[in-house]
Amino acid sequence: MIEIKDLHKSYKMGSNSLHVLKGINLSIEAGELVAIMGSSGSGKSTLLNILGMLDEADSGEYNLDGVPIKNLNETKAAKYRNKFLGFVFQSFNLINYKSAMENVALPLYYQKVPRKEREQRAMKYLGQVGLKEWATHLPNELSGGQKQRVAIARAMAAEPKVLLADEPTGALDSTTSYEVMDLIQKINDLGNTILVVTHEEDIAHMCKRIVYLKDGVIVEDKKVEQVRASTYV
Amino acid sequence: MFSRDNWKEIFETIQKNKLRTFLSGFTVALGILIFVVLFGFGNGLINTFDDFFGDDATNVFFIFPGRTTVPYKGYKSNRTIEFENSDLADIEKNFPLFLEYVTPRISRQDTVRYKQESNSYTTLGVAPSHQFSEMTIIMKGRYLNKLDIKNKTKNAVIGRLVEQDLFGAKNSIGKYVDIGGSSFKVVGVFQDDGGDNEERVVVIPYTTRQLIEKNNDKVSQIIVGFKPQIGYAGAMAFEKSLDRFIREKKYISPQDQNGIFIRNVADQLKQNQQFARVLQIIVALVAFGTIIAGIIGISNIMVFVVKERTKELGIRKALGATPKSVIGTILLESVFITTISGFVGMLIGIAILSSLGEKLKDFFITNPYIDTGTAIFATMILIVFGAIAGYVPARRAARIKPIVALRDE
């Protein structure tokens, strides 16, 4: 599903240049649930942003579902993002003046899905995350966990090939974190490919594979025994 | 870009961001409102100007005799030219095509007395048609008539303020006043829009004036009214041939600048119109400034709106919004708001102007108005420039990498 080879990325900080990714090679199959771990500054978020086409690599190859991601203009990147990827952010990033249902329906708007169908599908995914009765509520009327579940529903609504989660539990207490991870595991059980960036060991162990990043290189890449989050809930 | 779905999305955004909508709408509405009101006031100023200078007839020549400076046909220079009654008849006879009326005007300063009250006024010896050249309005009684001229009657028509000065609140008609030592009967009172000076005037038959002055037939000034249909060009041609005719009759060289002098009100009218045009230009400049200020205002709002929405736009981009749709959303929204509020401001402005009418006449603003075409044009300008002003930050927002936009708190 995801194939990256010798990925480099550096940021210019004034006159200095900060080399963040120093040659990353990674291959992820369809249906995997991968945790990318590392301390802050290890380059894990940068990697996720490049995978999510939110940022561009300086050099290296990136293939997503057989499509080479290279030299994309903004319009094309937007279309690929819409078609291939779903995002879950640490800070939820819901649009605060839209109701939960409207937030979930937004990616479908950009897929030019008719309104009626959009709303139906949004309701379906809201149901999947257990928030059907909260559909008309605005984000600021929801708890953190509920917000993240709305964000996950939104990421799923476009039926992407890969779900990218950047510290999805970073802003949540541990009980809520486990609820969210439980949801992510269930979505993965349905066959969706999911990447989770985290720096929490217990969250990482709820995935099926952990990639350790340190100073811009992969130091360890191992399959793990998945801990089901439902045992904690 | 203009699908129903898009509009619905825009309406929702507008509805749910009331402060933003209000701010940008208010700026545009206020800009157009000020523009309409200022422009209307300018037009009101021009109306007042027209009222001031439009009180005399414009189809009129004033012919003044002078003193020759060039010898001609055996006549020496430095000869005083004088008009006589025969000149009036000759002009009337020779220009039937152009002419509407001829009246002499013999202007004197006289002390006018009624009982204890007395004052010095301009006394004009004129013919009945003088009423038309001055556009005199009779308040009561009558103006001079042909019989007054023929019989050299001692009848006088007095200005409104003359009556007020001498008679107070009493009626002057039929009373006798002393004008320069002779007793005249007041037969009429007139008013004139030209201001106080034109209402402190006494009018008597020119023949009576000549009788008083040792029964001469001298006329100090001739006023010729021409048919308005002949137009500006016709008036200029008439002036030329009139000039030639009088020079011929009075043996004045065609080169002589001072022999006679014809004041053409049509010419003066043109000058007045020029002044009015300058006024119009000043008004237009003020209006232009207002529009510029409005454009700057809406530009500021647009920059603020885009800044405020940066994060939202980042989210939308992450979810698959193309740069085109980001720009489209911002622009359609701003154009929609500016259009609605622009026309609301315009209508309020027009309503204010039409409700004012003559209320501001004391401030030289009469019947302020704006023609609808100008108002709509200005509104469109503001909408278009609002859109352009919105496009620049919108394009920048569309270019920001979503990751940067998402980090924006």
Side-chain angles (χ1 to χ4, degrees), chain A residues 9 11 45-46 48-56 72-99 102-119 138-139 151 154-158 160 164 166, chain B residues 1-24 305-330 332-333 337 391 394-409:
Chain A
K9 175 74 182 174
Y11 287 110
S45 283
T46 307
L48 194 79
N49 289 333
I50 290 170
L51 291 177
M53 289 178 257
L54 297 173
D55 209 346
E56 264 176 84
L72 293 179
N73 63 28
E74 277 284 355
T75 310
K76 208 153 195 187
K79 287 201 173 125
Y80 282 180
R81 274 200 292 271
N82 188 253
K83 209 163 104 189
F84 291 141
L85 301 167
F87 291 94
V88 176
F89 302 97
Q90 178 177 3
S91 53
F92 323 128
N93 280 339
L94 299 174
I95 292 177
N96 54 24
Y97 62 84
K98 284 181 176 290
S99 72
E102 286 165 339
N103 264 292
V104 176
L106 198 59
L108 300 173
Y109 169 73
Y110 289 113
Q111 282 182 358
K112 312 236 184 298
V113 175
R115 174 168 285 258
K116 274 266 165 60
E117 194 189 329
R118 227 153 63 203
E119 289 176 0
L138 292 176
R154 182 177 67 181
M156 294 305 299
L164 300 172
D166 187 4
Chain B
M1 199 185 221
F2 290 97
S3 72
R4 198 166 144 262
D5 225 24
N6 266 328
W7 281 112
K8 233 171 184 167
E9 176 77 19
I10 287 161
F11 286 142
E12 274 174 21
T13 315
I14 288 173
Q15 264 172 21
K16 289 175 183 170
N17 293 280
K18 292 206 173 70
L19 177 70
R20 197 166 75 204
T21 308
F22 172 76
L23 275 179
S24 39
V305 162
V306 171
K307 183 87 198 130
E308 191 216 31
R309 293 184 76 172
T310 304
K311 185 163 185 180
E312 181 203 331
L313 296 174
I315 298 171
R316 284 173 181 272
K317 286 189 83 173
L319 297 180
T322 57
K324 217 169 98 186
S325 82
V326 168
I327 295 172
T329 310
I330 294 175
L332 275 185
E333 197 188 306
I337 295 173
Y391 176 75
R395 199 188 49 180
R396 205 172 49 211
R399 274 189 189 159
I400 298 175
K401 284 184 181 163
I403 189 68
V404 177
L406 285 173
R407 238 182 263 138
D408 185 85
E409 288 296 338

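Sequence lines set the chain letters: A, B, ... in the order given, protein chains first and strands last, and positions in each chain run from 1.
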Determine the option with the most heavy-atom pairs under 4.5 angstrom with chain B, choosing from A:R118, A:Q111, A:K76, A:K112. A:R118

Tell me, which pairs form a salt bridge (charged side-chain N to carboxylate O under 4.0 Å, His left out) where one or both residues lie in residues 78-97 of chain A, sequence neighbours left out? none

Is any NZ, NE, NH1 or NH2 atom of the basic residue among A:R115 and B:E12 found under 4.0 Å from an Asp or Glu carboxylate oxygen of the other? yes

Using the six-membered ring wherever Trp is involved, compare the ring planes of A:F84 and A:Y80 and label them parallel, tilted or perpendicular (cut-offs 30° and 60°). tilted

If one checks every heavy atom of A:Y97 against chain B at 4.5 Å, the contacting part turns out to be both

Heavy-atom distance under 4.5 Å to chain B: side chain of A:L85, backbone, both or neither? neither

With sequence neighbours left out, what residues match B:E312 under salt bridge (Lys or Arg N to Asp or Glu O under 4.0 Å)? B:R309, B:R316

